[in-house]
Amino acid sequence: MKNFNFQNPTRILFGKGRIADLNDQIPSDAKVMILFGGGSAERSGVLGQIREALAGRTLVEFGGIEPNPRYATALKAVDMINENNVDFLLAVGGGSVIDATKFIAAATKYEGDAWEILTSYGSVIKEAMPFGSVLTLPATGSEMNSGGVITNPEKEAKLPFNSSHCFPVFSVLDPEITYTLPPRQVANGVVDAFVHTMEQYLTYPSAAYVQDGFAETLLRTLIELGPKALETPKDYDIRSNLMWTATLALNGLIGAGVPQDWASHMIGHEITALNDTDHARTLAVVLPSLMNDQRDRKREKLLQYAANVWNIRDGSEDARIDAVIDSTRRFFEQMGIKTHLSDYAIGAPEIDHIVNALKEHGMTTLGEHDAITPEDARRILNAAL
Ligand code: NZQ
Ligand code: ZN
């Protein structure tokens, strides 16, 4: 196992009706800004529950944060915070709203050009406003981690940032508020959490037995419950387990002390930057192709994954690896997510564009060995057509 620091300061309030406990989580004299997306939180009644829980406080509201949140929108929120002397932020939504809130929390305190936060991948962040979240879409783990991803269409860029100053103070996870999710978003959430787990697990053995065991349990849970959540949308046991699984998949726990990959994510971000494809869908295209392409480097973990997650134990090594890649792809397709680039209107010219964008964004040494170059990404993408 590698050396590691592990500290996760986010308090989780999990379960039915927990929005009612919000008031105690926010300093009583704080002026609060509620940030949300395109309207689902209003329609579902979640915002109503929050206004009720925070009755008597002075609230400012900022709506309209897009999926794949936009840089320009985030800067508008920064202006509104400064004009209104806001001192606590409450993100209400999925990964996009929470990521945008993290960026806004950091940008409000940053004296230079906010774009530098992204070009430095967050390293220039020295402080951020305090914020909490009410999670409405289990997927990204943003509710309990310190990272985010912001899109700037003018620069054709979707860039990640990370800073220890960007953990939520608290996050409310009420599985019942995920009942209103459309099947597409349920599927996206399951596949995103699945690929987060894979990016921290499917590398090479590092004698991290507990992290491997946790990761395998998360993967098996997603495989078992993901399709059931589509069939039976209002089942509390299914939704609560999926919600907690998605959080644990990217809150630092399974990634502590192990090699990590993240190449599927970095390649996937360039696809979204190009044509706004849903984040999880880009991963469902890239990961199976990358598993096949990197089968020699990942051989031991591919065989462990085959045995412990899919119970594939018979046949030659290559036959087991073929079978487990096929099972992974079929799982994504079973969730209703297509796994080829041509399903998302991407052909050879777009692949050129993606490869160039990877170079431009410094994504030239990806994967657990820092060995996946943009030309390797081209081969992976060509095989995913
Ligand atoms: O905008 P509204 O109207 O609220 O609708 C949203 C949005 O259209 C809707 N929605 C959310 N909760 C709902 C709901 N609809 C009905 N009922 C509910 N309870 O779902 C749509 C998608 O929301 P979004 O927040 O975009 O989805 P997700 O949580 O999948 O977040 C994706 C973003 O997170 C980033 C992705 O790159 C992408 O930008 N990621 C963030 C990570 C992190 N912070 O650690 C890691 C991930 O790998 C990922 O990159
Ligand atoms: Zn992701």
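These numbers come from the heavy atoms of this one structure, side chains and all, not from hydrogens, waters or symmetry mates. Counting convention: from 1, in listed order, for ligands and their atoms alike. Numbers here simply count residues along the sequence, with the first being 1. Since the structure is predicted, the reported quantities are computational estimates derived from the model, not experimental observations.
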Just distances here: any N/O of [X] and N/O of ligand 1 closer than 3.5 Å?
X	value
Ser142	yes
Gly147	yes
Val149	no
Ala139	no

Using 30° and 60° as the class boundaries, would you call the ring planes of [X] and [Y] parallel, tilted or perpendicular?
X	Y	value
Phe194	Phe332	perpendicular
Phe170	Phe88	parallel
His369	Tyr204	parallel

Checking contacts here: is it the side chain or the backbone of Ala280 that comes within 4.0 Å of ligand 1, counting heavy atoms only? Could be both or neither.
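Neither part.
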In the protein, what heavy atom is nearest to [atom], and what distance, to one decimal place, separates them?
atom	answer
atom 28 (P) of ligand 1	Gly95 N, 3.7 Å
atom 26 (O) of ligand 1	Ser96 OG, 2.5 Å
atom 7 (C) of ligand 1	Pro67 CG, 4.0 Å
atom 13 (C) of ligand 1	Leu181 CD2, 3.2 Å
atom 41 (C) of ligand 1	Asp99 OD2, 3.0 Å
atom 47 (C) of ligand 1	His196 NE2, 3.3 Å
atom 2 (P) of ligand 1	Gly38 N, 3.2 Å
atom 34 (O) of ligand 1	Thr140 CG2, 3.3 Å

Taking only heavy atoms of [X] into account, list the atoms of ligand 1 that are under 4.0 Å away from them.
X	value
Pro69	39 (O)
Asp192	47 (C), 48 (O)
Asn68	38 (C), 39 (O)
His269	50 (O)
His265	48 (O)
Leu250	45 (O), 46 (C)
Lys158	36 (C), 37 (O), 38 (C), 39 (O)
Thr180	16 (C), 17 (N), 18 (C), 19 (N)

Do His269 and His361 have their ring centres less than 6.0 Å from each other?
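No, they do not, as the ring centres are separated by 6.0 Å or more.
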Under 6.0 Å between ring centres, would you say that holds for Phe103 and Tyr71?
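Under 6.0 Å, so yes.
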Any Lys/Arg nitrogen of Arg299 or Asp318 sitting under 4.0 Å from an Asp/Glu carboxylate oxygen of the other?
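Looking at Asp318 together with Arg299, the answer is yes, because their closest N to O distance falls below 4.0 Å.
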Between the candidates Pro182, Ala246, Ser40, which shows the shortest non-hydrogen contact distance to atom 14 (C) of ligand 1?
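Selected option, by shortest heavy-atom distance: Ser40.
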Closest by any non-hydrogen atom to atom 19 (N) of ligand 1: pick that one out of Val46, Thr136, Leu137.
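When every heavy atom of Val46, Thr136, Leu137 is considered, Thr136 comes closest to atom 19 (N) of ligand 1.
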Hey, any chance Val186 and Met243 share a hydrophobic cluster, counting ILVMFWY side chains that come within less than 4.5 Å of each other, even indirectly?
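Looking at the clustering, Met243 is in a separate group from Val186.
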For the hydrophobic clusters of this structure (ILVMFWY residues joined by side-chain heavy atoms under 4.5 Å, transitively), does one cluster hold both Leu135 and Ile26?
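No, no single cluster joins them.
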Using the Zn ion (ligand 2) as the apex, give the angle to atoms OD1 (Asp192) and NE2 (His279), rounded to 10 degrees.
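Vertex at the Zn ion (ligand 2): approximately 90°.
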Gly148 to ligand 1, any heavy atom closer than 4.0 Å
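In this structure, Gly148 qualifies as a contact of ligand 1 - some heavy atom is under 4.0 Å.
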Under 4.0 Å, counting heavy atoms only: does Gly189 come that close to any atom of ligand 1?
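Not so, Gly189 does not reach ligand 1.
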Would you please test Asp293 and Arg379 for salt bridge (Lys or Arg N to Asp or Glu O under 4.0 Å) and show each step?
CA-CA 8 Å; Asp293 189 88; Arg379 195 177 57 244; 2.8 Å; yes
Give, for atom [atom1] of [X] and atom [atom2] of [Y], the distance between the pair rounded to the nearest 0.5 Å.
X	Y	atom1	atom2	result
Phe214	Leu219	CZ	CG	13.5 Å
Thr339	Leu287	OG1	CG	10.5 Å
Gln294	Leu366	CD	CG	10.0 Å

When Arg239 is tested against each of Thr232, Thr178, Asp174 for side chain to side chain donor-acceptor pair (under 3.5 Å), which residue passes?
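Looking at Thr232, Thr178, Asp174, the match for Arg239 under the side chain to side chain donor-acceptor pair (under 3.5 Å) is Thr178.
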Answer yes if the side chains of Tyr305 and Glu216 hold a donor-acceptor pair under 3.5 Å, and no otherwise.
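Side-chain D/A pair, Tyr305 to Glu216: absent.
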When you check the side-chain N and O atoms of Asn145 and Lys102, is any donor under 3.5 Å from an acceptor?
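Yes, because at least one side-chain N or O of Asn145 sits under 3.5 Å from a partner of the opposite role on Lys102.
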Residue of the set Ile271, Ile346, Val285 for which side-chain contact (heavy atoms from CB on, under 4.5 Å) holds with Leu381:
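Answer to the side-chain contact (heavy atoms from CB on, under 4.5 Å) test with Leu381 among Ile271, Ile346, Val285: Ile271.
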Can you tell me which N/O/S atom of His265 has the shortest distance to the Zn ion (ligand 2)?
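Among the N, O or S atoms of His265, the one closest to the Zn ion (ligand 2) is NE2.
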